[in-house]
Amino acid sequence: MTATLLRTAADLHARARTGRRAVVMTMGALHEGHATLIRTARKIAGPEGEVVVTVFVNPLQFGAGEDLDRYPRTLDADVELAGRSGADAVFSPSVDEVYPGGEPQVRISAGPMGERLEGAARPGHFDGMLTVVAKLLHLTRPDVALYGHKDAQQLALIRRMVRDLNFGVEIVGVPTVREEDGLALSSRNRYLSPAERRTALALSQALFAGRDRHAAQEALRARAREVPATRARAEALSAIGESRAAADAHAVATTAGGPAAVRAAARLVLDEAARLDPPLRLDYLALVDPSDFTEIGDGFTGEAVLAVAARVGATRLIDNIPLTFGPFGDAS
C-alpha cells in the first residue's frame, strides 16, 4: 500500500471521505512502535475508512536547550513505512501551515497535571503538545485518534483535554512496543552509542523489577487467602506442616509490599545503573494515579502507572508500565 503525501490542510480536506477517519500523530522518524499504531488504526478504520498519519516536529513543545534542531527528520522513509503499515495518507505540514503568522498567541494550558513529572522536567512542554494536538485534530478532523502508552502522561492529558473541552473524537491508547531486550522503542534511541544503549536498558529493567515485585506480592496475597480462618483448621494444617508457610505468606503479604516495595525494587536497579560507565542520570521515578499523575499512597487501590525518566549521555528517555493494586483479601 502506498501512502499519499499531503502538505496542506486544503489538500487533506479535498480528499473524499467514506467511513471512519483514524489519525496517528507523530513527529516522524517512524519505527515499529509507530507501525503498530498505524496497523491498529487500520483495523479500527476498516477497509472502507481512512488512516492518516501526521508528521510534524512541533517547535512549541521543545524547551531551551532541547533537541529541536537535532530531532531526526526522515520524511521519505516515514511515508514508505506508513504506507507499508496501512496508512492512506501522510499529512506533513510546514510550520507556517500549522502556525500561520508565527507562534500562536492563544494556547492550550495543561493545568496542574501538566506541571508534574515530565511537565516539571520540561516546563511548557505539555502546553505546546496540547496546542498542536488540538490544532491537528481540527486540521485532520478524525473520528478516532491513536497515541502510544509510552507517553503515558501525554496520553492522559490528551484524554483530559478532549473530555474537558468537548472535542468530538475518540482517543485510543496503544500498548508500548519494545525491543527484544526490553528497551521501549523511541525515535531518540538512534542517538545512543552501544555503551549508552546498554546503560539505557536500566529504565525497562527497573520497571520490570517493580512489576515483578508487585506480582510476587500478589502471589503471596493469594496464598494468604488460604490461611485458615479457624483454630481447628489451623491445627489441622499444622499437623501436615503447612501453618508456617501460611503464616509467612500472611505476614509478607500484609506488611512487606504495596507501592513502597514496588518503588524500592525499581530504584535498586536505577541506583546500580548510576554507577555504570556511562552512568544513568535519573530525572524521576514515580508511581502515580493515571487520572492526575499524583503519587499514590500505600493504601491505594486501582490502576496505577510506574514511570521513569533518565538521561544517558546527551539523550533523555522515558518509559512506564501499568500496574493494578487491589485491597488485601481481594483479587487485583
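The two atoms that bring Pro290 and Val305 nearest to each other are CB-CG2, 3.9 Å, heavy atoms only. Ala200 approaches Leu183 most closely through the heavy-atom pair O-CD1, 3.8 Å. Shortest non-hydrogen contact noted between Val169 and Ala145 is CG2-N, 3.9 Å. Leu157 approaches Ala110 most closely through the heavy-atom pair CD2-O, 3.7 Å. When all heavy atoms are compared, the tightest approach of Ile318 to Ala309 is CG2-CB, 3.8 Å. The two atoms that bring Gly210 and Leu306 nearest to each other are CA-CD2, 4.2 Å, heavy atoms only.
Using a 4.0 Å cut-off between charged nitrogen and carboxylate oxygen, Arg311 and Glu196 do not count as a salt-bridge pair. A salt bridge links Arg42 and Asp88; the closest N-O separation between the charged side-chain nitrogens and carboxylate oxygens is under 4.0 Å. Taking a cutoff of 4.0 Å between a charged side-chain nitrogen and a carboxylate oxygen, Glu97 and Arg7 do not qualify as a salt bridge. The existence of a salt bridge linking Arg116 and Glu295 is excluded, since no basic side-chain nitrogen approaches an acidic carboxylate oxygen closer than 4.0 Å.
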**Item:** Evaluation steps, side-chain contact (heavy atoms from CB on, under 4.5 Å), between Phe126 and Val133
**Value:** CA-CA 10 Å; Phe126 284 127; Val133 168; over 6 Å; no
**Request:** Applying salt bridge (Lys or Arg N to Asp or Glu O under 4.0 Å), run through Arg198 and Asp277 and close with a yes or a no.
**Result:** CA-CA 10 Å; Arg198 287 192 293 272; Asp277 183 20; over 6 Å; no
**Item:** Chi angles and distances behind the side-chain hydrogen bond (donor to acceptor under 3.5 Å, both in side chains) call for Thr294, Asp292
**Value:** CA-CA 6 Å; Thr294 57; Asp292 59 8; 2.8 Å; yes
**Item:** Pair Arg197-Asp181, side-chain contact (heavy atoms from CB on, under 4.5 Å): steps then yes or no
**Value:** CA-CA 11 Å; Arg197 194 184 186 286; Asp181 57 11; 2.5 Å; yes
**Asked** Given Val144 and Arg21, is the side-chain contact (heavy atoms from CB on, under 4.5 Å) satisfied, shown in steps?
**Response** CA-CA 7 Å; Val144 57; Arg21 174 176 285 176; over 6 Å; no
**Prompt:** Can Met27 and Phe56 be said to form a side-chain contact (heavy atoms from CB on, under 4.5 Å), step by step?
**Reply:** CA-CA 5 Å; Met27 292 206 301; Phe56 180 67; over 6 Å; no
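Screening Val23, Val55, Leu136, Thr4 for a side-chain contact (heavy atoms from CB on, under 4.5 Å) involving Phe91 leaves a single residue, Leu136. The salt bridge (charged side-chain N to carboxylate O under 4.0 Å, His left out) with Asp319 is formed by just one residue from the set Lys150, Arg211, Arg178; it is Arg178.
There is a side-chain donor-acceptor pair under 3.5 Å between Glu118 and Tyr284. Side-chain contact check for Asp289 and Ser291: at least one donor-acceptor pair (N or O, by modelled atom type) lies under 3.5 Å.
Asn320 places no side-chain N or O within donor-acceptor distance of the main-chain N or O of Gln153, the cut-off being under 3.5 Å. Checking side-chain atoms of His214 against main-chain N and O of Thr324 turns up a donor-acceptor pair under 3.5 Å. Judged by distance alone, the side chain of Asp283 and the main-chain N or O of Ala310 form no donor-acceptor pair under 3.5 Å. Remark: the backbone N or O of Arg316 is not paired with any side-chain donor or acceptor of Arg281 at under 3.5 angstrom. Ser85 places no side-chain N or O within donor-acceptor distance of the main-chain N or O of Ile38, the cut-off being under 3.5 Å. Of the possible polar contacts, one joining the His125 side chain to the Gln61 backbone as a donor-acceptor pair under 3.5 Å is found. Judged by distance alone, the side chain of His34 and the main-chain N or O of His31 form a donor-acceptor pair under 3.5 Å. For the pair His13 (side chain) and Leu139 (backbone), a donor-acceptor distance under 3.5 Å is present. A donor-acceptor distance shorter than 3.5 angstrom exists from the side chain of Asp78 to the backbone of Ala29, with no hydrogens or angles considered.
In this structure, the separation between CG on Leu6 and OG on Ser92 is 10.0 Å, given to the nearest 0.5 Å. Rounding to the nearest 0.5 angstrom, the gap separating the CG atom in Asn58 from the NZ atom in Lys135 is 10.0 Å. Put simply, CD on Glu80 and CG on Leu75 are 11.5 Å apart, with the number rounded to the nearest 0.5 Å. Note: Leu146 CG to Ile171 CD1 = 8.5 Å, rounded to the nearest 0.5 Å. Going from atom CZ of Arg159 over to atom CD of Glu170 covers 9.5 Å, rounded to the nearest 0.5 Å. Here the CD1 atom belonging to Ile108 is positioned 11.5 Å from the CG atom belonging to Leu60, to the nearest 0.5 angstrom.
Each of Val288 and Ile321 belongs to its own hydrophobic cluster when Ile, Leu, Val, Met, Phe, Trp and Tyr are linked at side-chain heavy-atom distances under 4.5 angstrom. Under the 4.5 Å side-chain heavy-atom criterion for Ile, Leu, Val, Met, Phe, Trp and Tyr, Leu12 and Leu137 are members of the same hydrophobic cluster. One hydrophobic cluster, built from ILVMFWY side chains closer than 4.5 Å, cannot hold both Leu201 and Val308; they sit in different ones. With hydrophobic clusters built from ILVMFWY side chains whose heavy atoms lie under 4.5 angstrom apart, Leu285 does not share a cluster with Phe293. Taking hydrophobic clusters as Ile, Leu, Val, Met, Phe, Trp and Tyr residues chained together by side-chain heavy-atom distances below 4.5 Å, Tyr147 shares a cluster with Leu117.
Val312 has its side chain out of reach of Thr315: every pair of non-hydrogen atoms, C-beta onward, lies at least 4.5 Å apart. Between Val132 and Met25, the closest side-chain pair of non-hydrogen atoms is not below 4.5 Å.
Within a 6.0 Å sphere centred on CG of Asp164, other residues, nucleotides and ligands contribute more than 12 heavy atoms.
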